[in-house]
Amino acid sequence: MIRRVTRRWLEEVLTSVPGKRIAVLSNSRIADVLDQLADLLEFQGANAFRIRAYRSATRAIRNTSTSIAQVAQQHPKNLTHIDGIGKSVAEKCVELVQRGSLDQLDQLLRQIPKSVLAMLRIPGLGPKKAAAIYQQLGITTLEQLREACEAERIRTLKGFGPKSEQMILKGIGLAERAGKRIYWAVADQQVQQLRDYMAGCHAVQQLEFAGSYRRGKETVGDLDLLVVSEDSTRVMDYFGRFPDVADTIARGETKMSVRLGDGLQVDLRVVTSRSFGAALQYFTGSKEHNVILRSLAKKENLKINEYGVFRLEDQTEQVVAGQTEADVYNVLGLPVFPPELREARQEFQWAARNELPELVTASDIRGDLHMHTTATDGNGTLEEMVDAARKRGLDFVAITDHSQRLSMLDGLDPKRLLDQWSQIDQLNDQLDGDFLVLKGIECDILENGDMDLPDEVLAQADWVVASVHFGQRQSREQITSRILGALAHPFVSAIAHPTGRLINRRDAYEVDMEAVLQAASEHGKLMELNAHPARLDLNDVHCAAAKELGVPIVISTDAHSVAGLDMMRYGVLQARRGGLTASDVANTHTWAEIQQAIGGKR
DNA sequence: GCCGTTTTCGGCCCGACTGTTTTCAGTCG
């Protein structure tokens, strides 16, 4: 009862604000608000550890699949059970969910104009310097800042000089592009080019890309290039001549940073072979994973930095590890965590229980259960897609073209679908057991919750993926209930791209993922991890939640062309970040085994 | 602000580079 009243009240508050949709606050929205609060506090010069506490709370909020808003409404005290959330942040979550805003944030925003925070996006301009510019010169916008630089007024401030003005002017132009995160798949292309180029430098003994790229994060903010060499000058000179380098940001003895033409920053570190493992560990991160690692080391009277692990005794430092990553972890009694797991989520607890999962690999994948053909919006014919899948070593595929509601994409009505399925029967006859083509469909879940094709048609399919394409702006209750309905439908096998998000382009639609996963578990249905680099939907956090509930994940390319089949590896990477093993992923199994899993429920 | 088999108070990871400084604060990862 309380929940209903509160939610209705919240909906009224939110709908009274133009442009806002009816919604229970998502975790990412709550985290955004708290991050803004942290920005403003930082700007005010608040205690650095207090800021860090807020940052770590917002990270925890983004990293859980539990709906913070729901917990705040129903069991607010349970919020502090989440690591990183204490009494104060818990109270703020409750206030935010109940009132739709935070009193403290409103007060701060009255003192500091929001436009001032834009200055923090300029590389090299942090909270202290930005605050000095705002407080001493009264500058509140980037345009005023540009004018002040050009009029040489910034250099009059203590701690600023002509170079600072140049840095700011350059930074204003970059603020838009810099800091934008690119898809992992795009970063990967850049990495391959850099690898090829750096292979031509004889001074390079060993080379590895670290950072969020190595952790397989869905988006990458910059590249961290680690090189073993005895001659850092030669390596840096060579690196600086990479044709796409637009600007050198910094260059010292061991570290150099450049910006490429598209705005991507690449940091180069040159180390000796003795330090390679420590440096690789250190620069792979994440920051939060490293903080935990160093705290553990400290308790053992050890110190970890990018040069090695050192034992502290009688004011002397003795090297105990550094050459390989394995040495660094093993000296602390820890396993070598796969980079994808180094996010300070559960990996240290898993290690303590000796339960680190053996993550799924691309070679474990046996089939692809979501792809399109020229029958709807694909570029490849049925035969071409099947041929390409065979050449990629798969054992089976499902052809899942769109259903009739997608008329713009020439979606299939029952007659055309049945025609396609009889073609598939013929093709299977020709294949004679060497390969299996499944009769599938990507069937729309209509706005009213009905399936887009009649039951008697769906009943004849081997495999049905249900998806939401229309009515994505419906309320959380409506969308959730549509998906729950599909999961309860006897002929639906899996939910495709379950949140509809397009990374950097479109937010996920409002959906109660906890309820969805619970229903999938009850009905024995599968959830898709769509491998397209812009989707990667489910995300890593939801994959981990599905695993907890025993809901199998099916990694699918949703290929619209032959080349699209190669996207499988991006999905596998995301699955690894979710901690999935081969047995957690349905399409590492044979079709007979998958059929058994979904067939029992019909 | 968060956290706790050394702690409910006193810690909180660590180093490189830059610009503005005559020894260091700010920023970044």
Side-chain angles (χ1 to χ4, degrees), chain A residues 34 37-38 41-43 45-60 79-93 104 119-133 154-168 170-171 178-179 210-213 215 220-226 232 236 248-258 265-271 275 278-279 281-310 312 317 344:
Chain A
L34 291 174
L37 181 59
L41 288 170
E42 196 170 16
F43 199 82
N47 179 293
F49 295 113
R50 192 172 159 216
I51 309 293
R52 186 189 294 177
Y54 273 113
R55 303 285 186 209
S56 116
T58 61
R59 240 182 51 81
L79 285 173
T80 58
H81 295 174
I82 298 168
D83 233 16
I85 298 185
K87 190 160 165 280
S88 172
V89 170
E91 281 169 2
K92 289 197 167 61
C93 290
Q104 190 187 2
M119 283 195 241
L120 297 177
R121 288 207 301 273
I122 295 171
L125 204 58
K128 292 266 166 41
K129 289 193 166 178
I133 290 171
I154 297 295
R155 66 180 67 179
T156 61
L157 298 176
K158 186 173 159 57
F160 291 81
K163 291 257 176 101
S164 311
E165 284 172 346
Q166 284 171 26
M167 173 199 78
I168 291 170
K170 210 187 265 180
S212 53
Y213 169 76
R215 300 202 308 280
V220 171
D222 59 20
L223 293 177
D224 298 292
L225 171 55
L226 191 61
S232 71
M236 288 185 183
T248 299
I249 301 166
R251 176 171 171 167
E253 291 283 303
T254 64
K255 182 181 164 181
M256 177 169 171
S257 295
V258 303
Q265 185 174 327
V266 187
D267 297 330
L268 167 71
R269 284 295 283 252
V270 184
V271 298
S275 299
Q281 191 290 316
Y282 177 76
F283 290 110
T284 298
S286 65
K287 195 174 156 189
E288 292 79 11
H289 175 91
N290 285 354
V291 167
I292 294 179
L293 193 72
R294 287 172 189 220
S295 311
L296 291 174
K298 219 171 164 179
K299 284 178 190 158
E300 307 283 329
N301 220 23
L302 295 169
K303 183 181 81 172
I304 303 182
N305 58 28
E306 57 262 59
Y307 300 108
V309 185
F310 304 88
L312 305 171
E317 292 183 355

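Predicted, not measured: the structure shown is a model, and the values here were computed from it. First the proteins, then the strands, lettered A, B, ... as listed; each starts at 1.
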Nearest-nucleotide 5' precedence on DNA chain B, Val291(A) against Leu157(A) | Val291(A)

For Ala53(A), which residues count as a side-chain contact (heavy atoms from CB on, under 4.5 Å) partner, sequence neighbours excluded?
-> none

Got a sec, which residues hit side-chain contact (heavy atoms from CB on, under 4.5 Å) with Leu34(A), two or more places apart in sequence or on another chain?
-> Ile30(A), Leu37(A), Thr58(A), Ile61(A), Val89(A), Lys92(A), Cys93(A), Leu102(A)

Within the sub-3.5 Å range, which N or O atoms of nucleotides 7-10 of chain B have a protein N or O partner, and how far apart are they?
none

What's the [atom1]-[atom2] distance between [X] and [N], to the nearest Å?
X	N	atom1	atom2	answer
Leu34(A)	dC2(B)	CG	C1'	14 Å
Arg155(A)	dT20(B)	CZ	C1'	13 Å
Phe49(A)	dG11(B)	CZ	C1'	8 Å
Lys163(A)	dG19(B)	NZ	P	5 Å
Lys170(A)	dG19(B)	NZ	P	10 Å
Lys92(A)	dC2(B)	NZ	C1'	13 Å
Lys298(A)	dC14(B)	NZ	C1'	10 Å
Met167(A)	dG19(B)	CE	P	9 Å

Side chains of [X] and [Y]: closer than 4.5 Å at any heavy-atom pair?
X	Y	value
Glu306(A)	Arg269(A)	yes
Gln104(A)	Leu41(A)	yes
Asp267(A)	Phe283(A)	no
Tyr213(A)	Asp224(A)	no

Select base, sugar-phosphate, or nothing to describe what [X] touches, counting heavy atoms under 4.0 Å on all strands.
X	result
Gly84(A)	sugar-phosphate
Ile292(A)	nothing
Lys87(A)	sugar-phosphate
Tyr54(A)	sugar-phosphate

If dC3(B) has a Watson-Crick or G-U wobble mate with both distances under 3.5 Å, name it; if not, just say none.
-> dG10(B)

Compare side-chain N and O positions of [X] against OP1 and OP2 of [N] and report whether any pair is under 4.0 Å apart.
X	N	result
Ser88(A)	dG1(B)	yes
Asn305(A)	dG15(B)	yes
Arg50(A)	dG1(B)	yes
Ser56(A)	dG1(B)	no

Between [N] and [M], how far is it from one [atom1] atom to the other, in whole Å?
N	M	atom1	result
dT21(B)	dG26(B)	P	13 Å
dT7(B)	dC12(B)	C1'	13 Å
dC14(B)	dT22(B)	C1'	26 Å
dC9(B)	dG19(B)	C1'	39 Å
dC13(B)	dG4(B)	P	14 Å
dT5(B)	dG1(B)	C1'	24 Å
dC3(B)	dC17(B)	C1'	33 Å
dG10(B)	dT18(B)	C1'	33 Å

dT7(B) glycosidic torsion: syn (within 90° of 0) vs anti | syn

Extract all donor-acceptor atom pairs below 3.5 Å that involve side chains of residues 293-302 of chain A and protein atoms in other chains or at least two apart in sequence.
{"from": "Arg294(A)", "atom 1": "NH1", "to": "Ile304(A)", "atom 2": "O", "distance (Å)": "3.4"}
{"from": "Ser295(A)", "atom 1": "OG", "to": "Val291(A)", "atom 2": "O", "distance (Å)": "2.7"}
{"from": "Asn301(A)", "atom 1": "ND2", "to": "Leu312(A)", "atom 2": "O", "distance (Å)": "3.0"}

Which is it for Gln281(A) and Asn290(A) under the side-chain contact (heavy atoms from CB on, under 4.5 Å) test, yes or no, and what are the steps along the way?
-> CA-CA 8 Å; Gln281(A) 191 290 316; Asn290(A) 285 354; 2.9 Å; yes

Sequence neighbours excluded, the answer for ring pair (Phe, Tyr, Trp, His ring centres under 6.0 Å) partners of Phe310(A) is none

NZ/NE/NH1/NH2 to OD/OE distance under 4.0 Å, Glu42(A) and Arg55(A) | yes

So which protein N/O to nucleotides 26-29 of chain B N/O distances come out below 3.5 Å?
{"from": "dT27(B)", "atom 1": "OP1", "to": "Gly126(A)", "atom 2": "N", "distance (Å)": "2.9"}
{"from": "dT27(B)", "atom 1": "OP1", "to": "Gly126(A)", "atom 2": "O", "distance (Å)": "3.0"}
{"from": "dT27(B)", "atom 1": "OP1", "to": "Lys128(A)", "atom 2": "N", "distance (Å)": "3.4"}
{"from": "dT27(B)", "atom 1": "OP1", "to": "Lys129(A)", "atom 2": "N", "distance (Å)": "2.8"}
{"from": "dT27(B)", "atom 1": "OP2", "to": "Lys128(A)", "atom 2": "N", "distance (Å)": "3.2"}
{"from": "dT27(B)", "atom 1": "O5'", "to": "Gly126(A)", "atom 2": "N", "distance (Å)": "3.4"}
{"from": "dC28(B)", "atom 1": "OP1", "to": "Gly124(A)", "atom 2": "N", "distance (Å)": "2.8"}
{"from": "dG29(B)", "atom 1": "N2", "to": "Tyr282(A)", "atom 2": "OH", "distance (Å)": "2.3"}

Atom of Ile154(A), atom of Phe160(A) and distance for their closest heavy-atom approach | O-CB, 3.4 Å

